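These notes concern the structure reproduced below.
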Amino acid sequence: MSNLVDPILRWYDAHARDLPWRRPTASAWSVLVSEFMLQQTPVSRVLPVHEAWLDRWPAPADLAAEASGEAVRAWGRLGYPRRALRLHAAAVAIVTDHGGVVPDSYDALRGLPGVGDYTAAAVAAFAYRQRQVVLDTNVRRVLGRAVAGVEFPARSVTKAERGVAEALLPADPPTAATWSVAVMELGALVCTADRPKCPFCPVVETCAWQAAGRPAYDGPPRPLQTYAGTDRQCRGRLLAVLRDAPGSVTKDRLDAAWDLAEQRDRCLVSLLDGLVVAVGDRYALP
DNA sequence: GATTCGTGGTT
DNA sequence: TAACCAAGAAT
């Protein structure tokens, strides 16, 4: 793993996408919003929602002043709408506990609702140019291939992985921050999960997976991700009705969104934990 | 540590 | 076409 860093930094300099949250003028809030939206959602779908979000709520205090339901509505169809609730809660916490300024320490960031290890490290690195180990699915895949020689990393982050990432991280904080985003970008654009573009990879000559003949993944199969007919889909349908309605709706409107009454009612109840509120005999976003 | 939390593009 | 996957977090 001796010299992955320089070639990847050079590659990034030449090939990085121009994303709004990466521009020098982007605020830490813009970075934080992008990280919430990018949790399990592709960049192309995040772009328009992120832009509208920052136009409407340029600072944490602007969002914190709104009802949480407005965040859920503006979230649109990005998926996992509880992220919208958590982002709203994070904005409130930033105003309450941090003077309205997105905190710059890993620990303070990690304490915000919806901010786990990845997001805390990413915001500290990308918004504040700190030296942080940023381990997302892209970085894990790139290092897994380039260093460990495996097609896909383990289910959860191992100590060995973290050790490799720490060892590679440049000592100089701004360079480390650029390195972190550069490895992620390489994973997103070249060292992709399927059909990786190895001929265009800046480290193809030192890649352990390449040297081993690109052996196929032989670990435990990942659980199947079904969606059609699940409670998750049902909840999505119910929430879509509420997002698209200006105010509250009758239960009839929700009933029309899903055929199976038993499943529909179960899902509605599960949404009442914060994503939906009952208003008399009607339902609305919070 | 395994499960659960949406949605749509791609192949 | 059905399967896979996309800058994770909370429980």
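These numbers come from a predicted model, not from an experiment. Throughout, a chain's letter reflects where its sequence line sits, starting with A, and its residues are numbered from 1.
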Check whether more than 12 heavy atoms from other residues, nucleotides or ligands sit under 6.0 Å from atom CZ of A:Arg253, and answer yes or no.
-> no
CZ of A:Arg23: more than 12 outside heavy atoms within 6.0 angstrom?
->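 Enclosed: over 12 neighbouring heavy atoms sit under 6.0 Å from CZ of A:Arg23.
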Determine, stepwise, if the pair A:Lys251 / A:Asp281 fulfils salt bridge (charged side-chain N to carboxylate O under 4.0 Å, His left out).
-> CA-CA 7 Å; A:Lys251 180 129 192 325; A:Asp281 60 347; over 6 Å; no
Counterpart residues, ring pair (Phe, Tyr, Trp, His ring centres under 6.0 Å), relative to A:Phe152 (two or more places apart) =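 A:Tyr217.
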Determine the Euclidean distance between corresponding [atom1] atoms of [M] and [N]; express it in Å to zero decimal places.
N     : M      : atom1 : value
B:dG1 : C:dT11 : C1'   : 12 Å
C:dA9 : B:dG8  : P     : 23 Å
C:dA6 : B:dG6  : C1'   : 12 Å

Whole angstroms only, please: what is the [atom1]-[atom2] distance between [X] and [N]?
X        : N      : atom1 : atom2 : answer
A:Arg195 : B:dT10 : CZ    : P     : 12 Å
A:Asp273 : B:dT4  : CG    : C1'   : 12 Å
A:Gln233 : B:dT4  : CD    : P     : 17 Å

Contact class for A:Tyr227 (heavy atom, under 4.0 Å): base, sugar-phosphate, or nothing?
->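 Since a base atom lies under 4.0 Å of A:Tyr227, the category is base.
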Reckon A:Arg232 touches a base, only the sugar-phosphate, or nothing at all at heavy-atom distances under 4.0 Å?
-> base
Is the closest side-chain donor-acceptor distance between A:Arg129 and A:Thr178 under 3.5 Å?
-> yes
A:Gln39 side chain to A:Tyr118 side chain, donor-acceptor N/O pair below 3.5 angstrom = no
Give every residue pair that meets the side chain to side chain donor-acceptor pair (under 3.5 Å) criterion with at least one member in residues 98-112 of chain A, sequence neighbours excluded.
->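 The answer is A:Tyr106-A:Asp117.
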Quick one: does A:Trp29's side chain have a donor or acceptor within less than 3.5 Å of a partner on A:Trp57's backbone?
->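 Pair found, side chain donor or acceptor close to backbone of A:Trp57.
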Strictly below 4.0 Å, heavy-atom distances to any atom of DNA chain B: list the hits from residues 71-79 of chain A, or just say none.
-> A:Arg77, A:Leu78, A:Gly79
In numerical order, the residues of residues 236-265 of chain A whose heavy atoms come under 4.0 Å of DNA chain B are A:Gly236, A:Arg243
Going by an N to O cut-off under 4.0 Å, is there a salt bridge joining A:Glu185 and A:Arg22?
-> yes
Is it true that A:Asp255 and A:Arg264 have a side-chain N and a carboxylate O under 4.0 angstrom from each other?
-> yes
Who passes side chain to side chain contact (heavy atoms under 4.5 Å, CB included) against A:Asp231, sequence neighbours left out?
->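 So A:Asp231 forms a side chain to side chain contact (heavy atoms under 4.5 Å, CB included) with A:Arg235, A:Gln263, A:Arg266, A:Cys267.
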The contact string for nucleotides 6-11 of chain C, one letter per nucleotide 5' to 3', using protein heavy atoms under 4.0 Å with B, S and - for base, sugar-phosphate only and none, comes out as BBBSS-
